[in-house]
Amino acid sequence: MKHLLYLIIATTIFLSSCKEDMDQEVEFIIETNLGNMKGKLYNSTPKHRDNFMKLVNDKYYHDLLFHRVIKGFMIQGGDPDSKLAEPQDQLGGGGPGYTIEAEFDTNYIHKRGALAAARLGGPSNPKKRSSGSQFYIVHGKTWSDKDLNMIEKRAGKKWTAAQKEIYKKQGGYPPLDQDYTVFGEIIDGLDVLDKIAAVQTGRADRPVEDVEMKITLIRP
């Protein structure tokens, strides 16, 4: 009986520990030649979270580029073809050979610093499945009530009063909400995001001087 009691206690402690680990949000660091950004992954988008963690653990993102940068919009990276790419190379079409099911959550919006999955647009991707590796970080801009009301009317998107305040004060890119999966956010280093967004770009919005990345998990 005593052994059974010990087993029940041990099992309870183990399950509690597992739940605590699942409740914790995994954090990561993106190192670039313009500085570092710290982010976290959302647990409510588990397919994207787990895929991102696997790729990071596999060192998939080491020495890749932020190959597409548009100030006031976003910075995009994760194309494996960007590793050792020549200046004239056209980038943006590479990936690991699979896509991920969309995980839209109305709690997560395209605010400044949001981490979201890139994807193919148009009729070839009706379910809005995400790229297996390419992601973007929202730079964005601030929006007025008039702007947001117009988007609501034209696109049928809705936001809470708190979310509207974020777009009005912190900025972001609301037209993308519920069309692209947001699965994390930058929690430190938004000044580095600004630096990357401000670089000179050329053809296809590629930075003239390469912006390299290396991503590591803080808590695997």
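These numbers come from a predicted model, not from an experiment.
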Which atom names give the shortest non-hydrogen contact between Met37 and Val192, and what distance separates them?
CG-CB, 3.8 Å
Between Met213 and Leu190, is there a shared hydrophobic cluster once you connect ILVMFWY residues whose side-chain heavy atoms come closer than 4.5 Å?
yes
Rounding to 0.5 Å, atoms NZ (Lys71) and OG1 (Thr201) come to a distance of 11.0 Å
Hey, could you give me the OG/CZ distance between Ser131 and Arg119, rounded to the nearest 0.5 Å?
11.5 Å
For residues Met74 and Gln76, determine if any side-chain heavy atom of one lies less than 4.5 Å from a side-chain heavy atom of the other.
yes
Results of ring pair (Phe, Tyr, Trp, His ring centres under 6.0 Å) for His48 - residues two or more places apart only:
Phe183
Do Ile75 and Val138 have side-chain heavy atoms sitting under 4.5 Å apart?
no
What are the two closest heavy atoms between Ile215 and Val56, and how far apart are they?
O-CG1, 3.3 Å
Of all the heavy-atom pairs spanning Gly94 and Gln134, show the shortest one and how long it is.
O-NE2, 2.9 Å
Pairs meeting criterion salt bridge (charged side-chain N to carboxylate O under 4.0 Å, His left out) with involvement of residues 179-194, two or more places apart:
Lys111-Glu185, Arg112-Asp194, Lys128-Asp179, Lys157-Asp179
Distance-only, no hydrogens or angles: does the Asn43 side chain make a donor-acceptor pair with backbone N or O of Gln24 under 3.5 Å?
yes
Using a strict 4.0 Å threshold on nitrogen-to-oxygen distance, state whether Asp145 and Lys168 make a salt bridge.
yes
Do Phe73 and Ile109 belong together in a cluster built from hydrophobic side chains that touch within less than 4.5 Å?
yes
Between Phe135 and Phe66, what is the ring plane arrangement, given parallel below 30°, perpendicular above 60°, and tilted in between?
perpendicular
When you compare the side chain of Leu193 with that of Ile186, does any pair of heavy atoms fall below 4.5 Å?
no
Hey, does Glu212 have a side-chain heavy atom less than 4.5 Å from the side chain of Glu31?
no
So Tyr167 and Trp159, would you call those rings parallel, tilted or perpendicular, with 30° and 60° as cut-offs?
perpendicular
Would you say Ile137 and Ile196 are hydrophobically clustered, going by side-chain heavy atoms of ILVMFWY under 4.5 Å?
yes
Asn51 side, atom CG; Ile100 side, atom CD1 - distance, nearest 0.5 Å:
3.5 Å
For residues Gly95 and Ser133, report the shortest heavy-atom separation together with the two atoms involved.
CA-OG, 3.7 Å
For residues 130-144, the salt bridge (charged side-chain N to carboxylate O under 4.0 Å, His left out) pairs (sequence neighbours left out) are none
Less than 6.0 angstrom separating the ring centers of Phe52 and Tyr42, yes or no?
no
Please check this pair: side chain of Trp143 against backbone of Pro174, looking for a donor-acceptor N/O pair closer than 3.5 Å.
no
Lys/Arg-Asp/Glu bridge criterion (N-O < 4.0 Å) met for Glu101, Arg129
no
Under a 4.5 Å side-chain heavy-atom rule over Ile, Leu, Val, Met, Phe, Trp and Tyr, are Leu148 and Tyr180 clustered together?
yes
Check step by step if side chain to side chain contact (heavy atoms under 4.5 Å, CB included) holds for Glu165 and Thr160.
CA-CA 9 Å; Glu165 283 302 304; Thr160 65; over 6 Å; no
Taking the side chain as everything from C-beta on, heavy atoms only, tell me whether Met53 gets closer than 4.5 Å to Leu41.
yes
Within the side chain of Gln163, is there an N or O that forms a donor-acceptor pair under 3.5 Å with the backbone of Thr106?
yes
Flag, side chain of Thr181 to backbone of Glu103, donor-acceptor distance under 3.5 Å:
yes
Is the backbone of Leu65 close enough, under 3.5 Å, to the side chain of Ser82 for a donor and an acceptor to pair up by distance?
yes
Please list, chain by chain and in numerical order, all residues satisfying ring pair (Phe, Tyr, Trp, His ring centres under 6.0 Å) with Tyr60, sequence neighbours excluded.
none
With a 4.5 Å cut-off on side-chain heavy-atom distances among I, L, V, M, F, W and Y, is there a chain of contacts connecting Tyr173 to Met150?
no
Check Lys54 with Asp50, please: is the shortest side-chain N to carboxylate O separation under 4.0 Å?
no
Test side-chain hydrogen bond (donor to acceptor under 3.5 Å, both in side chains) on Arg203 and Gln88 and set out the steps.
CA-CA 9 Å; Arg203 183 169 173 247; Gln88 72 277 6; over 6 Å; no
Residue pair Arg206 / Leu91, side-chain heavy-atom distance below 4.5 Å
yes
Is any side-chain heavy atom of Val26 less than 4.5 Å from a side-chain heavy atom of Leu217?
yes
Run the ring pair (Phe, Tyr, Trp, His ring centres under 6.0 Å) test against His67 and tell me which residues pass, sequence neighbours left out.
none
Considering all heavy atoms of both residues, which atom of Asn33 and which atom of Asp210 are nearest to each other, and what is their separation?
ND2-O, 3.1 Å
Worked check of side chain to side chain contact (heavy atoms under 4.5 Å, CB included) between Lys40 and Leu115
CA-CA 9 Å; Lys40 66 178 183 180; Leu115 171 71; over 6 Å; no
Does Val69 reach the side chain of Asp205, with side-chain heavy atoms less than 4.5 Å apart?
no
Search all heavy atoms of Ile151 against all heavy atoms of Pro175 and return the closest pair with its distance.
CD1-CG, 3.9 Å
Which value, rounded to the nearest 0.5 Å, describes the distance between Phe104 atom CZ and Gln178 atom CD?
6.5 Å
May I ask you to decide if His110's main-chain N or O and Asp177's side chain share a donor-acceptor pair within less than 3.5 Å?
yes
Under the salt bridge (charged side-chain N to carboxylate O under 4.0 Å, His left out) definition, can you give me all pairs with a residue in residues 73-94, not counting sequence neighbours?
none
Point-to-point distance, once rounded to the nearest 0.5 Å, from CD1 of Ile30 to OG1 of Thr216
9.5 Å
